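All figures in this text were calculated on a predicted structure; none of them were measured in a lab. Numbered from 1 within each chain, the chains take letters A, B, ... in sequence-line order. Note: hydrogens, waters and symmetry copies are ignored here, and every other heavy atom, side chains too, is used.
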Protein chains: 2
Amino acid sequence: MTLVYSSAAVRSTHVKALFFDVFGTLVDWRTGVARESESILQPMGHSVDPLGFADAWRGQYQRAMEEIRSGRSPYVKLDLVHRRMLKSILPRFGLEQLSDDTLDRLTHSWHRLDAWRDVVPGLERLRRRFLIAPVSNGNIGLMADLARRNGIHWDAILGADLARDFKPKPAVYLSAADAFNLSPGDCMMCAAHGSDLRAAAAIGMKTAFVPRPEEGPGFGESQAAVPVDVVAQSIEDLAVKLET
Amino acid sequence: MTLVYSSAAVRSTHVKALFFDVFGTLVDWRTGVARESESILQPMGHSVDPLGFADAWRGQYQRAMEEIRSGRSPYVKLDLVHRRMLKSILPRFGLEQLSDDTLDRLTHSWHRLDAWRDVVPGLERLRRRFLIAPVSNGNIGLMADLARRNGIHWDAILGADLARDFKPKPAVYLSAADAFNLSPGDCMMCAAHGSDLRAAAAIGMKTAFVPRPEEGPGFGESQAAVPVDVVAQSIEDLAVKLET
């Protein structure tokens, strides 16, 4: 079910900061990880299906997150989680013998992803009116590298490293609002995933859904699975909707 | 004593990130707090010496920091520390009757400070070659507002809020390097205060001293009180020295 309020209603809520999910919502992790992994593995004589490799890698995500969110394992930054996830899929691709250095280089693939085309112009426009920050499970260095690569000017990098926990745990959203001295109701979480928006709404944030069916099979959501305040077709469209 | 290595020696250490102290080093807190406080107090009929008020306020800083650094009080963001410091000096200025709202507005003065003239062009130039971030005792929202006001594009806001402790405690410097996946030796702390640089060097960071005698009587240091890797006369001069 999608519940769309008028943009006038959203404006009346005086949103001051926009928080963004990053993987899937702003950057195309799937073709990026496929491309980067292939560029590392192919010259070494390893032939893998690049998209299948990317999907298998990201497929470990929820289980790896839950290990930490549950408290069974202590918080570590996403770069280290990505490396653990990578190790767990190597046997499936006959890559058990990769060196530590190669694992590090592969893990760094996640720092070299491209933003969807609407993201940079959309964020530039939104930044004129709102504080903007990623509230991602990605660590600060990873977010900083993605911002550099794509030319994004964040006001701050918030999210998992600040809260030392992972979305959708409430602490991640609450720490982001608090970092800007705002109450959750002054903030809007913008994401392509219903689970993210449901958790943000539960602690009182406004929410915007941006569909990214192109994120990949089994990952992309075409429609908001939860009630949201705004549905925008892109980050540029979000800028239009929040200005009118 | 000032120990200045050649810039070639600094280059050979492969510094990848520059970390900046903010109050005094990048922004003129003294005349800014004086100006902003006067603009709030004078229309209310309160006549105080603005610079004396700013000096008295900042004069509470080390004692307030030590209360938290020592572990006697839990970590709170600098905005809250500034408010506590403010309350402690009110009797001295006959201002005990100020409302909570006025105290909040006065505390927000610290968000409306101007950078020294060399800062913005210097940081823009340094950013072409290095990751740059504030490593300040200021909280994230405070740093974000100062960056907005002055047009500074940080790669991330590191420092006290991330470490949940205050400089010169080692955790603040270590958490900053770790946020960028760097070892301390890949990072350079840039500051106008010897105590800051001493602590950064103690955990293995490179150091740059920028004199700011104009910070104010009792605050500004004309010479590095500790050995440092680079002495620069301004942030623009630092850019020149780190490029040659």
Applying a strict 4.5 Å limit to non-hydrogen atoms, the region of A:Asp178 in contact with chain B is both
inquiry  = Less than 6.0 angstrom separating the ring centers of A:Trp29 and A:Trp57, yes or no?
reply    = no
* Before accepting this row, confirm whether a basic side-chain N of the pair B:Lys167/B:Asp196 lies closer than 4.0 Å to the acidic partner's carboxylate O. => yes
Cut-off 4.5 Å, heavy atoms of chain A, and the answer for B:Asn139 is side chain
Okay, B:Ala147 and chain A: the region with an atom under 4.5 Å from a heavy atom over there is neither
When the 4.5 angstrom heavy-atom criterion is applied to A:His111 and chain B, the contacting part is side chain
Determine whether the side chains of A:Asp104 and A:Thr107 contain a donor N or O and an acceptor N or O closer than 3.5 Å.
no
Bottom line for A:Arg127: the part with an atom under 4.5 Å from chain B's heavy atoms is both
Point to revise | Distance-only polar pair, side chains of B:Ser234 and B:Asp237, donor-acceptor under 3.5 Å | key: no
Once you measure the plane-to-plane angle for B:Trp154 and B:Phe20, does it fall in the parallel (<30°), tilted (30-60°) or perpendicular (>60°) bin? tilted
So, the part of B:Ile152 with a heavy atom under 4.5 Å from chain A: the answer is backbone
